[in-house]
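In what follows, a single structure is set out as structure tokens and then discussed.
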Amino acid sequence: MGIRAILLTTGADKLQRIRSAQGPLDPEAFAEGLLELPPGLPCEELLEVPDILEQPRLRQHDLARAWPELRYLAAHSLTDPRTGLAGMLWLLHDRPHRLDEEARLGFRDFAGLAAGMLADRLELQRVRDSEERMALAIAGSGTGIWDRNARTGEIHYSSDWKALLGYSEHEVGNRIEESYTRVHPDDLAYVQATIQAHFEGRTDAYEVEHRLRCRDGRYKWVCSRGKVVARDETGQPLRMVGTTTDVTAMHALSEKMQQTAALMTDLTNEIPGMVFQYRRQLDGRAAFTYVSSGVREIYGLTPDQLVQDAELLHGILHPDDLALYLGSLESSARDLRPWHLEYRVQLPGSGLSWRQGAARPRPLADGSVLWHGFITDITERKLIEAELQVFATTDSLTQLANRRHFMTQLESELARVQRSQDYGAAILMFDLDHFKSINDRWGHSVGDEALRHFSAILRAQLRRTDAAGRMGGEEFAVVLSNASLDEARTFAERVQRELAGAPVTHGDERLPLAVSAGIATLHPDDPSAEAALSRSDMALYRAKRGGRNRIECH
Ligand SMILES: Nc1nc2c(ncn2[C@@H]2O[C@H](COP(=O)(O)OP(=O)(O)OP(=O)(O)O)[C@@H](O)[C@H]2O)c(=O)[nH]1
């Protein structure tokens, strides 16, 4: 090109830094190595000034001052496709000059090459800067960094890495073989296999927790993370970088938590019944996240079975209680109120049994609800309750309803009559005739036998909807649902016939047992069951007065 000097400057604006100069131009002549762009630059990609003497403004420029012989100047901007202007390439001469077309094209190509190299260097600088920033960011954070040449097996550690294990700067070798000697023997195979899988491209990056021996011989738990950052054309790793973080404290904590969890499990397994944690998601899906071993007795399942499939309970709960069970959990989740329920289960091989559930719900951030609670077996309590219920409502001699329970049944029947105009019911009072003389003649136990005998006759005549009770002594009452006065009279006649036809005997003797009956219907305007009862009582009184073994209606 017939040029005396070449200059390379970098910068993104009018102030350029001189990077290199070839020829008689002295870079030292520029203040702080900076050069301000002459006016008109770098607006154009290529600018040529054939003779500076013809450009008065350029004669005063720094370039002309640094090299007074300067007569010719050509400049080409160097651009970085990512950031724009990155520098300038200058051609200078001490004589007037002009590039011919071929030289211009050559200058353009040359500037293109220089711009590419400059962009690469800037990129490298950026990477270095960011690496430095990263190193600064993780300095003192309990993390060290390393850089491994996968081909030669050379590995370099940051000062933090060495400090992590208690080494000073020059106490750690740079061979990978040595690095593996610091890994705990029990962890080595696993660590190497993890790294190998990453080398073979089976993972994007790797992360492995293991123990590393410190300078003082003790082991620390660390988390090693690594990633291959360069591979050759066949995919073989060339360079891998990574970090090592001290997780000893976290490990100790997680071990402590595991011990606590194991203790909790042991304790919950000792509690009779089943301790559970149950989670219900916003979309309604639900699962047991923990169940104690008591699930075997409570539901006849293993903990794993119930944790894997909560719906197994649908086949275990009594069909009549399933909807109640699901509904009660639903409302507990909705209102965040404690869940309490008594329900029946049917376990294979054993009969019906009762369970009681109690749990507290807690809302979670994702909208789901988490219960903690327990289920106990209350079958025995339910049996006792049922026995007490029978005890409280039944006459022990005859097994008929006692007076109090019969009155409750009568009240329900009256309510039914009051609800429906087409519905009628009758109340009958029975009283054994001359019962005192039976006791007097054959004794109390024969009298008891006679009372049981009459109760059995009454019971045999009842329909499922009717009810009978012993009102006291030798007095009985029956309420016939959906029955008229005539139907009630027929009922009483049948009872008298049965009693006459099946007498109680004592030895060869036959007890002269007969019964009087008084009948009344229930009225919708009866203020109470007692009112209807007293009408039938009045009718009974008339039957007694009328000669006994009679039926009177009110
Ligand atoms: N064996 C027995 N007798 C009872 C029981 N409860 C009451 N009695 C007796 O039943 C008798 C009832 O007698 P009364 O009230 O005089 O009536 P009655 O002899 O049946 O005469 P009328 O009812 O007028 O026909 C009494 O002797 C009571 O002691 C009982 O549980 N067992």
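Indexing begins at 1, ligand by ligand and atom by atom, following the structure's order.
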Could you check [atom] against the protein and tell me its nearest heavy-atom contact, residue, atom and distance included?
{"atom": "atom 22 (P) of ligand 1", "value": "K544 NZ, 3.5 Å"}
{"atom": "atom 12 (C) of ligand 1", "value": "E474 OE2, 3.7 Å"}
{"atom": "atom 3 (N) of ligand 1", "value": "N439 ND2, 2.7 Å"}
{"atom": "atom 10 (O) of ligand 1", "value": "F435 CD2, 3.3 Å"}

Worksheet entry | E449 versus H506, side-chain donor and acceptor atoms under 3.5 Å |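 No.
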
Worksheet item: Do Q196 and E200 meet the criterion of a side-chain donor-acceptor pair at a distance under 3.5 Å?
Response: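 Yes.
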
Worksheet item: With only distance considered, is L432 within less than 3.5 Å of ligand 1 through an N or O on each side?
Response: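 Yes, at least one N or O pair falls under 3.5 Å.
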
Discussion item. Taking the ring of Y157 and the ring of W146, is the distance between their centroids below 6.0 Å?
Written reply: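 Distance test on ring centres: not under 6.0 Å, no.
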
Evaluating non-hydrogen atoms only, which member of [options] is closest to [atom]?
{"atom": "atom 5 (C) of ligand 1", "options": "H434, K436, R470", "value": "R470"}
{"atom": "atom 7 (C) of ligand 1", "options": "S396, G473, S437", "value": "G473"}
{"atom": "atom 32 (N) of ligand 1", "options": "D448, I438, V446", "value": "D448"}

Practice prompt. Give me the one residue out of R470, R403, H405 that meets side-chain contact (heavy atoms from CB on, under 4.5 Å) with D395.
Written response: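 Option passing the side-chain contact (heavy atoms from CB on, under 4.5 Å) with D395: R470.
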
Worksheet item: Taking the six-membered ring for Trp, are W339 and F276 parallel (under 30°), tilted (30 to 60°) or perpendicular (over 60°)?
Response: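 It falls in the perpendicular class, over 60°.
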
Considering only heavy atoms of [X], which atoms of ligand 1 have at least one such atom less than 4.0 Å away?
{"X": "R548", "result": "22 (P), 24 (O), 25 (O)"}
{"X": "D433", "result": "25 (O)"}
{"X": "D431", "result": "23 (O)"}
{"X": "G447", "result": "1 (N)"}

Item to complete: Could you pull out the closest heavy-atom pair between E413 and Y423, with the gap in Å?
Response: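 Here E413 and Y423 meet closest at OE2-OH, 2.5 Å.
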
